[in-house]
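This report concerns only the one structure given below.
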Amino acid sequence: MAKTKALKIKRSPGDQLVQILIYLFVGAFALITLLPFVYIVAGSFATERELTERAFFLFPRTISLNAYQYIFKTGDAIRGLMNSAFVTFVGVIINMTLSATLAYPLSRPYFKGRRFFTNMVIITMLFTGGMVPMYMLVANVLHLKNTFWALWLPGAINPFNMIIIKNYFQGLPMELEEAARMDGCNDGQTFLKIILPLSKPVLASVALFYAVTHWNSYFNAMMYISDSNKEVIQIVLRRIIFLTSSVANDSGFDWGAFGMPPQKAVKMATTVVATVPILLIYPFVQKYFTQGVMVGSVKG
């Protein structure tokens, strides 16, 4: 059998020049977006004197851990990280379970009342009861104040994310479900054994959306959580930033040979502590991210 050679399209010098310019533009844009974060990370390890003397740098001259030592010295930040991790993990499980189980029947063309219930979901994207009624419902009616359920239940289903999952389910061939029914599967078995395994891209993408929302949860935690043992990392870091003016007066902390207490570095270190943990999740779902969101957003 003769070997077939792949056809190569010869590009004109003009096309090559345009491609080079595109790469340069995208690379410069990526560099511009990355530099501020690199500066924040470098500044969190720099001394206060260097932050005062140098307006911008990517590598500190002297590495200092004073800012991180100050943040973690009381143990509040560690407890906040553990609380945020727990809230995020359990919250994503609740969100994905409810969102996927609601999206599946709404994606089936034979489901009676499908259009009505879909419109009811869309209405919740346009109209809300407001902050005060929501607080009264959560705190006074459901009695969820100072519990993690106050952070999980009010946003258990995000309508936008649920619609993305629904549209992805609609794009799956109906023949798969018909074949499963011929093999004796009921709706639950079809959903668990056929639909979910084929929907990993959209499920991973939406789970990432929910995880970022829970990790960055600040306002709800501030309203419903007053117990210091249940504070999430965002509230802990907010308090640390408000108290940075007292860093200079903290006589119980040894600043070592670096002199000035790290008031500016503490603010940068709090940004790193709040960002890096959730940022580490992206590499694991990157391969699903674009495929899941794009397909789920255009089909249906």
Side-chain angles (χ1 to χ4, degrees), residues 85-128 138 142 144 147-217 220 278 281-300:
F86 178 71
V87 168
T88 301
F89 179 76
V90 177
V92 169
I93 293 177
I94 295 174
N95 295 142
M96 294 305 298
T97 300
L98 297 180
S99 297
T101 52
L102 176 60
Y104 177 61
L106 295 182
S107 67
R108 303 297 91 183
Y110 52 80
F111 178 65
K112 295 183 179 180
R114 168 174 170 246
R115 185 180 299 274
F116 170 77
F117 290 111
T118 301
N119 290 333
M120 291 294 292
V121 172
I122 296 176
I123 288 177
T124 63
M125 300 174 61
L126 305 176
F127 304 98
T128 61
V138 173
L142 300 178
L144 298 178
T147 67
F148 289 138
W149 288 104
L151 307 180
W152 294 328
L153 291 185
I157 297 179
N158 182 287
F160 179 78
N161 292 339
M162 192 280 298
I163 290 176
I164 291 179
I165 300 176
K166 165 185 167 294
N167 291 342
Y168 193 95
F169 287 168
Q170 287 181 194
L172 297 177
M174 287 295 298
E175 290 78 7
L176 294 174
E177 184 172 346
E178 294 173 359
R181 291 185 181 280
M182 292 180 63
D183 290 337
C185 293
N186 54 32
D187 289 332
Q189 292 172 328
T190 302
F191 175 63
L192 294 175
K193 297 182 179 180
I194 305 297
I195 302 300
L196 290 185
L198 295 175
S199 305
K200 290 181 181 179
V202 72
L203 296 178
S205 302
V206 173
L208 178 62
F209 292 159
Y210 278 126
V212 172
T213 300
H214 282 296
W215 184 266
N216 293 330
S217 178
N220 286 346
I278 194 66
I281 299 178
Y282 279 86
F284 298 99
V285 297
Q286 181 181 7
K287 62 180 179 179
Y288 299 115
F289 188 76
T290 303
Q291 180 185 356
V293 175
M294 292 304 297
V295 174
S297 61
V298 299
K299 286 190 176 182

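Quick note: numbers below take in every heavy atom, side chains included, and nothing from hydrogens, waters or symmetry partners.
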Do side-chain atoms of Glu177 reach the backbone of Met174 as a donor and acceptor pair under 3.5 angstrom?
no
Is it the case that the ring center of Phe86 lies less than 6.0 angstrom away from the ring center of Trp152?
yes
Looking only at heavy atoms, which two atoms of Phe169 and Ser107 are closest? And how far apart?
CB-OG, 3.4 Å
For Ser99 and Ala156, which heavy atoms make the closest approach, and how far apart are they?
OG-O, 4.2 Å
Over all heavy atoms of both residues, which pair between Cys185 and Thr190 is shortest? Give the atoms and the distance, please.
CB-OG1, 3.6 Å
Heavy-atom donor-acceptor pair, Tyr210 side chain to Ser205 backbone, under 3.5 Å
no
At what distance, to the nearest 0.5 angstrom, does CG of Leu102 lie from OG1 of Thr97?
12.5 Å
Beyond-backbone contact of Ile164 with Tyr168, side-chain heavy atoms, under 4.5 angstrom:
no
Distance check, rounded to the nearest 0.5 Å: Ile123 atom CD1 versus Met125 atom CE?
12.0 Å
When you measure from the side chain of Asn95 to the backbone N and O of Gly155, does any donor-acceptor pair fall under 3.5 Å?
yes
Test item: Leu106 and Met162 side chains (from C-beta on) under 4.5 Å apart, heavy atoms
yes
Check this for me: does any side-chain nitrogen of one of Asp187 and Arg181 sit under 4.0 Å from a carboxylate oxygen of the other?
yes
Check whether any side-chain heavy atom of Ile163 lies under 4.5 Å from a side-chain heavy atom of Ile122, and answer yes or no.
yes
Distance, nearest 0.5 Å, that separates CG of Leu203 from CG of Asn161:
11.5 Å
OG1 of Thr88 to CD1 of Ile93, rounded to nearest 0.5 Å, is 11.0 Å
Atom pair OG1/CE of Thr101 and Met96 - distance to nearest 0.5 Å
10.0 Å
Rounded to the nearest 0.5 Å, how far does CD1 of Ile157 lie from CG of Leu98?
5.0 Å
Check Ala150 against Leu144 and note the closest heavy-atom contact, atom names and distance.
CB-O, 3.4 Å
Any side-chain heavy atom of Phe89 sitting closer than 4.5 Å to one from His214?
no
Which pairs, with at least one residue in residues 103-128 and sequence neighbours excluded, count as a ring-ring contact (aromatic ring centres under 6.0 Å, His included)?
Tyr104-Phe191
Backbone of Gly188 reached by a side-chain donor or acceptor of Asn186 within 3.5 Å
yes
Listed partners of Arg114 passing salt bridge (charged side-chain N to carboxylate O under 4.0 Å, His left out), at least two apart
none
Give the C-alpha distance, both sets of side-chain angles, the deciding distance and a yes or no for side-chain contact (heavy atoms from CB on, under 4.5 Å) between Ile165 and Ser199.
CA-CA 8 Å; Ile165 300 176; Ser199 305; over 6 Å; no
Exam field: side chain Thr124 to backbone Val121, donor-acceptor pair closer than 3.5 Å
yes
